[in-house]
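Note on naming: letters A, B, ... go to the chains in the order of the sequence lines (proteins, then strands), and numbering restarts at 1 for each one. All of these numbers come straight from a predicted model, not from anything done at the bench. Note that these values count all heavy atoms, side chains included, but never hydrogens, waters or copies made by symmetry.
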2 protein chains.
Amino acid sequence: MPQTKTRGAGGTDTVEDIVIEACPVREVLDRVAGKWSILIIVAAARGPVRFTELERSIDGISRRMLTLTLRNLERDGLLRRTVYATVPPRVEYELTDIARELHQSLLSLTDWAERHRATISAARVAYDAGRLTEEG
Amino acid sequence: MPQTKTRGAGGTDTVEDIVIEACPVREVLDRVAGKWSILIIVAAARGPVRFTELERSIDGISRRMLTLTLRNLERDGLLRRTVYATVPPRVEYELTDIARELHQSLLSLTDWAERHRATISAARVAYDAGRLTEEG
DNA sequence: CGGTATCCGCTGTGATACTG
DNA sequence: CAGTATCACAGCGGATACCG
């Protein structure tokens with residue numbers, strides 16, 4: 001993320017400053033933005049989950065994407081991967097402490113989404129209707 | 001988002017149920033996931049902002065993407081667009097109430113990101129180092 | 001000033017097949 | 001069971017040019 005602007009010295013925040021302050025948010029989102037990351041975090045929030053368990057739980061995910069997303073989350077230290085040397089192999093994924101914290105933060109987002117779901121939906125319909133009548 | 005699974009009736013939540021509960025989160029994220037949405041929300045959080053002002057504030061955004069993102073946010077009812085019939089034209093964007101709420105929720109995410117930024121960075125380096133030694 | 005229109009490359013994602 | 005490899009493709013986003 002090439003946000004290389006220097007920060008205005010002292011005084012009141014400019015719009016630029018505020019945008020710069022938003023970078024950490026971008027970092028979270030880049031980390032969690034994938035189509036599947038959140039689903040996995042939520043699914044793993046209750047305790048260790050196995051690969052196949054995740055595959056079955058998450059509707060529509062491909063093996064490839066499950067693996068990729070899992071790896072990225074592990075890389076970022078959000079998931080811990082434990083391999084049991086049994087046969088057949090058994091691999092478990094569980095949230096790290098910081099991922100658990102993240103999961104908590106996501107709750108306020110979920111809450112927001114649930115409270116305004118209808119409003120947003122309506123806004124969308126209204127907007128599209130407007131576009132239609134004013135040109136068609 | 002084709003999450004069409006039916007919910008298990010009564011009893012304890014299964015992993016499936018939990019993933020389904022995550023959908024609202026996905027909705028938020030889909031709405032806000034774009035590369036620029038968050039930056040715009042944060043930049044508009046203090047009050048009305050003009051188009052050019054945003055263009056200058058947000059480092060690296062193209063005109064095209066600014067317009068597109070603005071339109072999407074407006075469509076979802078997160079931004080209000082006001083056109084003043086002056087010359088030269090003047091267009092202002094401001095957050096709606098629900099967007100303001102969203103902005104508040106984002107704060108807990110920012111906080112998380114800031115607190116664990118270093119940890120995550122380290123985790124990444126460690127992970128990559130591990131990959132290297134165990135194969136190279 | 002505040003946009004649209006067009007072209008185009010890149011990355012994320014899916015489908016499918018193979019493996020320790 | 002838990003992956004990896006390969007191919008193919010859609011859509012996001014960038015660059016550039018033009019318009020009311």
Should B:Arg63 be listed as having a side-chain N or O under 4.0 Å from OP1 or OP2 of D:dA15?
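It does not, given that no N or O in the side chain of B:Arg63 lies less than 4.0 Å from OP1 or OP2 of D:dA15.
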
Hey, is the side chain of B:Arg81 poking within less than 4.0 Å of OP1 or OP2 on C:dG3, counting only N and O atoms?
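Indeed, a polar side-chain atom of B:Arg81 lies that close.
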
When rounded to the nearest 0.5 angstrom, what is the spacing between CD1 in A:Ile40 and CG in A:Asn72?
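Taking CD1 in A:Ile40 and CG in A:Asn72, the distance rounds to 9.5 Å.
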
Could you state the interatomic distance from OG1 (B:Thr69) to CD1 (B:Ile61), rounded to the nearest 0.5 Å?
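The distance works out to 5.0 Å.
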
Nearest whole Å is fine: how far is [N] [atom2] from [X] [atom1]?
| X | N | atom1 | atom2 | answer |
| --- | --- | --- | --- | --- |
| A:Arg131 | C:dG3 | CZ | P | 10 Å |
| B:Glu55 | C:dG2 | CD | P | 9 Å |
| B:Arg71 | D:dG13 | CZ | P | 16 Å |
| A:Ile61 | C:dG14 | CD1 | P | 8 Å |
| B:Leu68 | C:dG2 | CG | P | 17 Å |
| A:Asp30 | D:dC12 | CG | P | 17 Å |
| A:Glu92 | D:dC1 | CD | P | 14 Å |
| B:Lys35 | D:dC12 | NZ | P | 14 Å |

At 4.0 Å (heavy atoms only), tell me whether [X] reaches a base, stays on the sugar-phosphate, or touches nothing.
| X | result |
| --- | --- |
| A:Thr52 | sugar-phosphate |
| A:Arg90 | sugar-phosphate |
| A:Tyr84 | nothing |
| B:Arg50 | sugar-phosphate |

Listed nucleotide nearest any side-chain atom of A:Phe51, set D:dA2, C:dC1, C:dT4:
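My answer, after comparing the listed nucleotides, is D:dA2.
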
Closest to the B:Met65 side chain: C:dG2, D:dG14, C:dG14?
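Side chain of B:Met65 sits closest to D:dG14.
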
Does any donor-acceptor pair link the side chain of A:Arg64 with the base of C:dT13 at a separation under 3.5 Å?
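It does, because a donor-acceptor pair links the side chain of A:Arg64 to the base of C:dT13 below 3.5 Å.
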
So, the side chain of [X] versus the backbone of [Y]: is there a donor-acceptor pair under 3.5 Å, distance only?
| X | Y | result |
| --- | --- | --- |
| A:Arg75 | A:Arg71 | no |
| A:Trp112 | B:Ile98 | yes |
| A:Ser121 | A:Arg117 | no |

